[in-house]
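One structure is given here, and the rest of the page talks about it.
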Amino acid sequence: MKKIGARCKAQDASKSCYPALRLSLASCTLILLFAANAWAGAQTYAPLSASVRAVLQHSVSDQAAPKPAFATQYEADTWLNEMSRRLEKRLPDKRYRMDFLNTVHYEAARAGLDPQLVLGLIEVESGFKKYAVSSAGARGYMQVMPFWVREIGTTDQNLFHLRINLRYGCTILRHYLDIEKGDLYRALGRYNGSLGRPEYPNLVRAAWHNHWALPQRTVSNNPAPAS
């Protein structure tokens, strides 16, 4: 962008540069619009050791999700209301939207992930479409490949079920983060099956920071009202 602007400023006939700038902006817009379809997940199968399989099996064991782990009710209300406002156009039904956000927060925190990162990943992977299926066969909000159910789950687990899909997706991303010793860039590449390529990790980080991130310590900056 800076190069285009500098070239235009240096030329008297600067109007000739504007179409190029508009084309560049249009290209970025198209990338964001079609990201969910173009970058749907395709985790690659790799044999698991018995110890790793046991840990992952325990992680995805199907238990009812309790309430999200917030320090205070005020913090919970602040986070849920803000994320609900941002998600409203994609999930219009308020009751379902709040259930979705509660589940995202719980499953992300359970796996040691930032809930806003998980929202960014879902945006890129499925565009918040519950029944999304990629060309590789990945399913649901977090585009989980069916081989994971065979490896670490049970045959009755439905990857289109909200909590099951998020439980698997968060567990898998945590697994890849552990493999990559905390390197989020490489872990995201593994999650999408595009390890070593920059496009997918950059799209997830952009969605995370531009659409879902909160200013640091937003909640704690505003004390809870006195009762």
Side-chain angles (χ1 to χ4, degrees), residues 1-3 24-25 27-49 51-53 55-56 59-60 79 83 86-87 90 101 104-129 132 134-148 151-152 159 165-218:
M1 287 293 209
K2 291 182 179 179
K3 291 181 179 179
S24 178
L25 291 172
S27 298
C28 291
T29 301
L30 285 172
I31 288 172
L32 290 173
L33 284 174
F34 292 104
N37 290 328
W39 292 102
Q43 301 103 32
T44 303
Y45 171 78
L48 301 172
S49 68
S51 59
V52 170
R53 181 180 289 106
V55 170
L56 295 179
S59 294
V60 300
W79 189 86
M83 294 300 112
R86 300 184 190 189
L87 191 58
R90 293 177 182 271
L101 287 169
V104 166
H105 191 280
Y106 173 73
E107 295 299 341
R110 182 177 182 272
L113 303 172
D114 184 328
Q116 287 100 252
L117 164 63
V118 173
L119 288 169
L121 185 146
I122 293 171
E123 178 183 337
V124 173
E125 284 285 343
S126 68
F128 295 95
K129 295 178 177 62
S134 76
S135 59
R139 299 176 182 179
Y141 286 117
M142 294 189 73
Q143 291 291 276
V144 177
M145 291 293 286
F147 72 76
W148 285 108
E151 281 291 299
I152 61 174
L159 290 176
N165 187 271
L166 295 179
R167 173 70 54 87
Y168 269 85
C170 290
T171 297
I172 293 163
L173 181 56
R174 178 75 261 168
H175 170 59
Y176 289 146
L177 273 166
D178 292 342
I179 289 176
E180 295 296 345
K181 297 178 173 58
D183 187 327
L184 179 60
Y185 179 90
R186 288 183 59 83
L188 288 171
R190 283 185 181 275
Y191 190 93
N192 181 254
S194 57
L195 181 61
R197 295 174 58 185
E199 294 89 350
Y200 176 80
N202 288 339
L203 283 170
V204 172
R205 289 176 66 91
W208 173 22
H209 292 296
N210 294 338
H211 300 160
W212 306 106
L214 293 171
Q216 191 171 13
R217 298 182 66 79
T218 291

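With sequence neighbours excluded, no residue forms a ring-ring contact (aromatic ring centres under 6.0 Å, His included) with Tyr168. Applying the salt bridge (Lys or Arg N to Asp or Glu O under 4.0 Å) rule to Arg190 yields the partners Glu180; only residues at least two apart in sequence or on another chain are considered. Applying the side chain to side chain donor-acceptor pair (under 3.5 Å) criterion to Trp208, with sequence neighbours excluded, gives no partner residue. Remark: Asp178 pairs with Arg174 by the salt bridge (Lys or Arg N to Asp or Glu O under 4.0 Å) rule, at least two apart or across chains. Residues passing the ring-ring contact (aromatic ring centres under 6.0 Å, His included) test with Phe147 are Tyr45, sequence neighbours excluded. Under the rule for a side chain to side chain contact (heavy atoms under 4.5 Å, CB included), the partners of Arg90 that lie at least two apart in sequence or sit in another chain are Leu87, Glu123, Phe128.
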Legend entry - Steps toward side chain to side chain contact (heavy atoms under 4.5 Å, CB included) verdict (Val118, Glu107): CA-CA 9 Å; Val118 173; Glu107 295 299 341; over 6 Å; no

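Not one N or O on the side chain of Tyr141 forms a donor-acceptor pair closer than 3.5 Å with the backbone of Gly169. The backbone N or O of Pro146 lies less than 3.5 Å from no partner atom in the side chain of Arg139, so there is not a single donor-acceptor pair.
Annotation: side chain of Pro115 is not in contact with side chain of Trp212 (no heavy-atom distance under 4.5 Å). For the pair Val104/Ile122, a side-chain contact is recorded, criterion being any heavy-atom separation below 4.5 Å from C-beta on. Within the 4.5 Å cutoff, side-chain heavy atoms of Leu119 are placed close to those of Leu101. Side-chain contact between Tyr200 and Leu121 is present, with at least one heavy-atom pair separated by less than 4.5 Å. Counting heavy atoms from C-beta on, the side chains of Val55 and Ile152 never come closer than 4.5 Å. Side-chain contact between Trp79 and Leu214 is present, with at least one heavy-atom pair separated by less than 4.5 Å.
Once rounded to the nearest 0.5 Å, the distance linking CZ of Arg186 with NZ of Lys181 reads 10.0 Å.
Just one residue in the list Leu184, Asp183, Leu188 forms a side chain to side chain contact (heavy atoms under 4.5 Å, CB included) with Pro201, and that residue is Leu188.
Taking every heavy atom of both residues into account, Thr171 and Arg110 meet most closely at OG1-NH1, 4.5 Å.
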